[in-house]
Novice: 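Here it is, the structure in full.
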Amino acid sequence: MDEFHREGDVLHCEDVPLADIANSAGTPAYVYSHAALYRSYRELDEAFDGLDHMVCFAAKANGNLAVLRALASFGAGVDIVSGGELYRAMRAGFDPKKVVFAGVGKTEAELMAGLGERILLFNVESAAELEHLERMANVYGKRARVALRINPDVEPETHEHISTGHGGSKFGVAVEEALALAERIKGYRCVDLIGVHQHIGSQITKPEPYKESVEKSAALVDELRSRGFDIQYFNIGGGLGIKYKDEETFSPKELVDAIRPTLEATKTKIICEMGRYIAGGAGVLLTSVIYRKKSGGKSFLVADAGMNDLLRPSLYDAHHEVEAVGPNGSLESADLVGPVCESGDYLARDRELPDAREGDVLAVMNAGAYGFSMASNYNSRLKPAEVMVRGERWSVVREREHYSDLVRGELVPAFL
Ligand code: LLP
């Protein structure tokens with residue numbers, strides 16, 4: 001069952017009418033379904049059945065503590081890219097032995113924090129980072145477990161802003177450089193090279209780029225083994241796409257079936273680190289129509305959520321379905337825009353949208369990944385509330401901000 005569904009005329013999240021949440025928590029508000037998080041996590045986990053594996057959640061997709069706690073309780077690991085995400089992951093109760101740390105620009109403080117928690121793996125992306133890690137581990141008497149992130153130079157055919165595995169991108173190192181780094185590690189005292197990592201991009205809708213890159217990475221696993229490294233982990237990254245509109249997507253099972261023989265042959269523990277696939281369909285953004293307006297022959301629904309709440313349409317021209325939380329009436333051609341002072345501030349453009357009246361609540365669908373996590377305070381707007389639903393229970397899991405939050409940490413100096 002789809003966790004976001006209609007009962008009679010009313011859009012529900014699990015057993016809760018979304019209108020009830022809008023009425024008491026207010027709008028804009030993100031609403032997450034616990035059951036949907038569990039379903040997508042399980043689907044991934046089951047796809048890897050028969051392989052030694054760990055499904056990680058990419059915390060950048062949704063860092064809310066309740067979301068992270070739910071995933072930790074399912075048994076997931078977590079992929080982090082900053083000290084802040086490490087902090088969240090620890091607060092949410094993840095086992096440090098299930099934490100993998102990616103990112104091209106980890107600072108010394110962040111490396112130190114990861115060493116301090118004894119995380120499972122640092123996914124190292126450059127010679128300079130490796131050098132820093134060796135030094136930090138030496139100084140603090142720790143061992144650094146490392147996977148080299150390779151850039152397999154494949155074209156994942158997704159939006160250029162979220163494509164990472166092609167040659168010339170800032171991510172990872174080429175295979176030849178990975179081999180050179182490995183040789184360098186032989187001279188290091190505190191670094192154990194035990195993994196290979198790749199991540200080729202996001203919202204990938206075909207298995208072929210994975211197949212191609214997994215084959216390249218698996219060949220590197222073999223080569224490193226033949227050079228004496230005890231490679232135990234192969235992290236195939238995240239990136240599995242979801243259906244926002246009418247994209248042809250493929251399932252976790254189809255992904256794993258396409259690469260299973262290659263994965264098996266590596267005799268490693270397989271890690272994946274999915275964000276969007278786990279959280280994307282598990283959340284909606286509720287927003288109320290403030291005004292209706294006509295301008296230049298076009299109709300506009302002006303909503304109380306804008307680009308600062310959900311940036312994806314403005315940044316990537318991303319498509320999110322929009323539904324009325326009340327009865328599905330007629331449709332009208334309109335733009336759904338926010339209150340932000342930018343013409344790029346829209347949630348849906350040139351679309352057939354619910355013919356909503358002022359005060360009506362709309363649900364912007366598939367907003368559970370890269371929604372709140374990319375929200376900002378632009379225009380000094382308050383970040384929205386977040387809510388989690390489980391069955392017939394629901395709870396605010398992040399309060400709507402207050403004006404005082406906007407100026408927290410700001411100071412007016414004495415010389416003014
Ligand atoms: N691992 C690494 C190293 C990553 O950089 C990412 C995402 C993931 C895993 C998770 O990818 P996913 O499974 O969610 O596709 N803001 C963009 C997406 C940026 C993705 C960045 N990296 C969007 O809203 O579409």
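We count residues from 1, following the sequence as given. Counting starts at 1 for both ligands and their atoms, in listed order.
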Novice: For atom 10 (C) of ligand 1, which candidate among Cys272, Ala58, Gly371, Gly201 holds the nearest heavy atom?
Specialist: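 Of the listed residues, Ala58 has the closest heavy atom.
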Novice: Can you see whether Tyr346 has Arg349 sitting over its ring - NZ or CZ less than 6.0 Å from the centre and within 45° of the normal?
Specialist: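 Yes, a cation-pi geometry holds between Arg349 and Tyr346.
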Novice: For the CG atom of Leu115 and the NZ atom of Lys142, what is their distance to the nearest 0.5 Å?
Specialist: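 NZ of Lys142 is found 7.5 Å from CG of Leu115.
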Novice: Please confirm whether His320 and Tyr244 have ring centers closer than 6.0 angstrom.
Specialist: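 His320 vs Tyr244: aromatic centres under 6.0 Å.
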Novice: Examine the proximity of ligand 1 to Ser202 and report which part, side chain or backbone, both or neither, has a heavy atom under 4.0 Å away.
Specialist: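 For Ser202, backbone and side-chain atoms both sit under 4.0 Å from ligand 1.
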Novice: Under 4.0 Å, heavy atoms only, figure out whether ligand 1 is touched by the backbone of Asp79, its side chain, both or neither.
Specialist: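 Just the side chain.
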Novice: Given side chains that start at C-beta, do those of Phe101 and Lys106 come closer than 4.5 Å, heavy atoms only?
Specialist: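 They are in side-chain contact.
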Novice: Relative to ligand 1, is His199 under 4.0 angstrom through side chain, backbone, both or neither, heavy atoms considered?
Specialist: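 Side chain only.
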Novice: May I ask you to list the atoms of ligand 1 that are less than 4.0 angstrom from any heavy atom of Gly239?
Specialist: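 Those atoms are 11 (O), 12 (P), 13 (O), 15 (O).
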Novice: Please verify whether a non-hydrogen atom of Tyr277 lies at under 4.0 Å from ligand 1.
Specialist: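 So Tyr277 does not count as touching ligand 1.
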Novice: For the CD atom on Glu183, are there more than 12 heavy atoms of other groups (residues, nucleotides or ligands in this structure) within a distance under 6.0 Å?
Specialist: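 Enclosed: over 12 neighbouring heavy atoms sit under 6.0 Å from CD of Glu183.
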Novice: Provide the number and element of each atom of ligand 1 under 4.0 Å from a heavy atom of Met274.
Specialist: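 Listed by number with element, the hits are 13 (O).
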Novice: Quick check: does Gly238 get an N/O under 3.5 Å from an N/O on ligand 1?
Specialist: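 No.
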Novice: Run the ring-ring contact (aromatic ring centres under 6.0 Å, His included) test against Tyr38 and tell me which residues pass, sequence neighbours left out.
Specialist: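 Tyr38: ring-ring contact (aromatic ring centres under 6.0 Å, His included) contacts with Phe74.
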Novice: So, using ring-ring contact (aromatic ring centres under 6.0 Å, His included) as the criterion, who are the partners of His319 when residues are at least two apart?
Specialist: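 Scan of His319 (ring-ring contact (aromatic ring centres under 6.0 Å, His included), adjacent residues dropped) gives none.
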Novice: Residue-level breakdown please: for Tyr316 versus ligand 1, do any non-hydrogen atoms fall below 4.0 Å on the side chain, on the backbone, on both, or on neither?
Specialist: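 Side chain only.
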Novice: List every atom of ligand 1 that sits less than 4.0 Å from any heavy atom of Arg276, numbering the atoms from 1 in the order shown and giving each element.
Specialist: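 This gives 12 (P), 13 (O), 14 (O), 18 (C), 23 (C), 25 (O) as the contact atoms.
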Novice: Quick check: are there more than 12 heavy atoms from other residues, nucleotides or ligands sitting under 6.0 Å from CZ of Arg145?
Specialist: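 Atom CZ in Arg145 is crowded, with more than 12 foreign heavy atoms closer than 6.0 Å.
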Novice: Does ligand 1 have a heavy atom under 4.0 Å from the side chain of Arg149, from its backbone, from both, or from neither?
Specialist: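 The answer is the side chain of Arg149.
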